[in-house]
Amino acid sequence: MIKIAVLGFGTVGSGVVEVMAENKVSIAHNAAEEIEVKYILARGDHAESPFAGLVIHDFSVIESDPEIRIVVEVIGGCGAAYEYTKRALLAGKSVVTANKELVARHGQELIAIAKEKNLNYLFEASVGGGIPIIRPITQCLTANEIDEVYGILNGTTNYILTQMIQCGTSFDTALRQAQELGYAELDPTADVDGIDACRKTCILADLCFGRHVPPDEVKTQGIRGVDLADVAYARALGYKIKLLGRALRSGGDKITAYVAPHLIKNSSLLSNVDGVMNGIVVHGNAIGEAMFYGAGAGKRPTASAVVADVIDAAKHFKARKYLSWEPAAPGYVTDADEMPMRWYVRVKASLTAIGTKLGNVRFVTRRGAPPDEYAFVTDPMTHSSLHESLEDMEVLSHYRILD
Ligand code: HSE
């Protein structure tokens with residue numbers, strides 16, 4: 001019998017404990033040994049929970065209990081989660097997590113400690129919720145030189161955009177619905193402002209390109225500015241607006257990475273990734289393109305990936321999984337704004353000003369637009385050139401186009 005402890009009893013933590021109990025028999029079969037939750041570390045007593053008897057408040061009980069061989073960290077953030085993860089590893093316990101902030105910021109250091117102690121630090125649930133993506137990248141696709149990875153990496157913002165696109169729902173109402181459904185982070189600004197997608201983009205880039213990408217070097221724009229007018233113009237063009245995280249090689253041994261709303265073609269597979277679903281595209285020189293699709297957030301999908309990592313850790317006590325990347329290097333992440341792209345732009349300006357500054361652009365119209373509002377698509381240009389061209393106009397929005 002393998003005993004584990006779960007740190008955190010929020011949405012994901014309770015999902016993990018429930019799935020462990022519900023699928024006890026098949027999990028024991030898959031792990032070749034029974035696995036039991038011995039402790040749940042939580043702030044409150046959770047007296048209403050059928051698992052209240054397992055709740056404790058002192059991490060040192062877990063740290064000093066030799067029976068505990070695997071610790072599941074689903075506290076989130078980089079405070080107590082960081083401290084307890086280190087202490088658990090140093091105490092000889094493998095750690096499994098869904099904590100993308102911790103992996104994106106301190107993953108390299110934590111993996112190094114795990115390696116030193118011959119333990120595992122596993123984080124399949126940190127990107128794409130229940131979608132298998134960490135293992136495909138680090139195992140199934142290792143024959144490839146990967147040159148690009150991108151996708152819809154945040155369920156909350158994808159849910160909001162889908163509601164705006166399909167139902168004309170306001171941003172605030174859709175955000176409230178996503179929170180009620182348990183998709184959003186405790187502080188939903190991490191979702192809405194693209195910070196959560198940025199962390200996931202960093203983890204994907206770390207794994208695909210082999211070197212740490214610090215989240216603060218990744219330009220990040222969320223969906224706060226997206227307006228129903230932009231949704232209408234995108235529709236008229238045959239596109240949808242989706243928040244994408246993207247990392248790609250930018251020449252030599254450098255990469256670029258960024259998070260921003262994009263217009264993507266209705267005919268692309270990603271454009272049909274709706275609601276809370278996530279979709280991740282990996283481009284490799286042998287496979288071409290592979291896309292991974294599934295539930296990117298929520299209690300049980302995330303628990304699905306966490307519990308699978310627990311089973312994997314249980315099967316590999318003496319065999320490390322080879323997840324690792326090199327430390328950050330100055331100049332490794334180049335500025336995404338210097339990458340030429342086509343842009344969708346909505347301005348208040350005169351036709352003459354647009355023609356003079358941008359030449360031949362492709363205009364698009366929508367019903368009910370104010371008379372001085374123009375929306376158009378540019379030729380490929382860098383963000384700095386676009387910015388310069390739009391200098392004297394009132395810019396209402398501008399988004400990248402993924403062709
Ligand atoms: N808040 C995150 C999302 C949870 O909406 O995608 C899963 O990482």
Side-chain angles (χ1 to χ4, degrees), residues 8-16 19 72-78 81 96-105 107 122-134 149-164 169 171-207 215 218 220-224 226 241-246 259-261 270 273-280 292-309:
F9 203 34
T11 307
V12 181
S14 55
V16 168
V19 170
V72 174
E73 182 275 298
V74 282
I75 299 172
C78 288
V96 165
T97 190
N99 187 340
K100 49 258 162 163
E101 182 178 356
L102 189 60
V103 177
R105 283 177 61 183
L122 304 178
F123 43 88
E124 183 63 66
S126 65
V127 181
I131 307 173
I133 183 64
I134 304 292
V149 58
Y150 65 95
I152 295 169
L153 302 173
N154 182 268
T156 301
T157 45
N158 202 39
Y159 179 86
I160 294 171
L161 290 174
T162 304
Q163 292 295 103
M164 290 174 79
T169 309
F171 176 89
D172 290 334
T173 307
L175 172 58
R176 216 175 27 252
Q177 289 169 348
Q179 285 176 296
E180 281 162 14
L181 290 164
Y183 303 147
E185 297 297 298
L186 281 182
D187 173 5
T189 57
D191 296 297
V192 169
D193 293 330
I195 300 160
D196 178 75
C198 167
R199 293 170 182 147
K200 294 166 177 168
T201 304
C202 291
I203 298 170
L204 291 174
D206 294 339
L207 292 168
V218 174
T220 298
Q221 180 191 353
I223 63 162
R224 252 179 233 283
V226 178
I241 301 181
K242 295 283 187 187
L243 182 71
L244 300 185
R246 189 169 178 220
V259 174
L270 271 188
V273 174
D274 287 329
V276 72
M277 304 310 253
N278 283 189
I280 302 161
F292 301 86
Y293 168 86
K299 179 171 171 165
R300 291 174 68 89
T302 310
S304 159
V306 171
V307 175
D309 270 352

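Heavy atoms only: backbone and side chains are in, while hydrogens, waters and symmetry mates are out. Start at 1 and go down the list; that is how both ligands and their atoms are numbered.
Look at G129 and you'll find every heavy atom at least 4.0 Å from all atoms of ligand 1.
For the pair F292 and I131, the tightest heavy-atom approach, listed with the atom from each and the gap, is CB-CG2, 3.7 Å. In terms of heavy atoms, V259 sits closest to V218 at N-CG1, 4.4 Å.
Distance from atom 5 (O) of ligand 1 to its nearest protein heavy atom, with residue and atom name: T156 OG1, 2.6 Å. When hydrogens are left out, the protein atom nearest atom 2 (C) of ligand 1 is E185 OE2, 3.1 Å; that is the closest non-hydrogen contact. The protein non-hydrogen atom at the shortest distance from atom 8 (O) of ligand 1 is K100 NZ, 2.5 Å. The closest protein non-hydrogen atom to atom 6 (O) of ligand 1 is G155 N, 2.7 Å.
When atom types are taken as modelled, the side chain of D193 and the backbone of I195 share no donor-acceptor pair closer than 3.5 angstrom. Judged purely by atom type and a 3.5 angstrom limit, Q179 has no side-chain atom pairing as donor or acceptor with the backbone of G182. Side chain of T302 to backbone of A125: no donor-acceptor contact under 3.5 angstrom is found. The backbone N or O of T11 lies less than 3.5 Å from a partner atom in the side chain of S14, making a donor-acceptor pair.
At a heavy-atom cutoff of 4.0 Å, ligand 1 is contacted by no atom of V276, backbone or side chain.
Residue contact check: D191 has heavy atoms under 4.0 Å from atoms 1 (N), 2 (C), 3 (C), 5 (O) of ligand 1. Residue N154 has at least one heavy-atom neighbour below 4.0 Å for each of these atoms of ligand 1: 2 (C), 3 (C), 5 (O), 6 (O). Heavy-atom proximity to K200, at under 4.0 Å, picks out these atoms of ligand 1: 2 (C), 3 (C), 6 (O), 7 (C), 8 (O).
When each of D191, D206, D196 is checked for a salt bridge (Lys or Arg N to Asp or Glu O under 4.0 Å) with K100, only D196 meets the rule.
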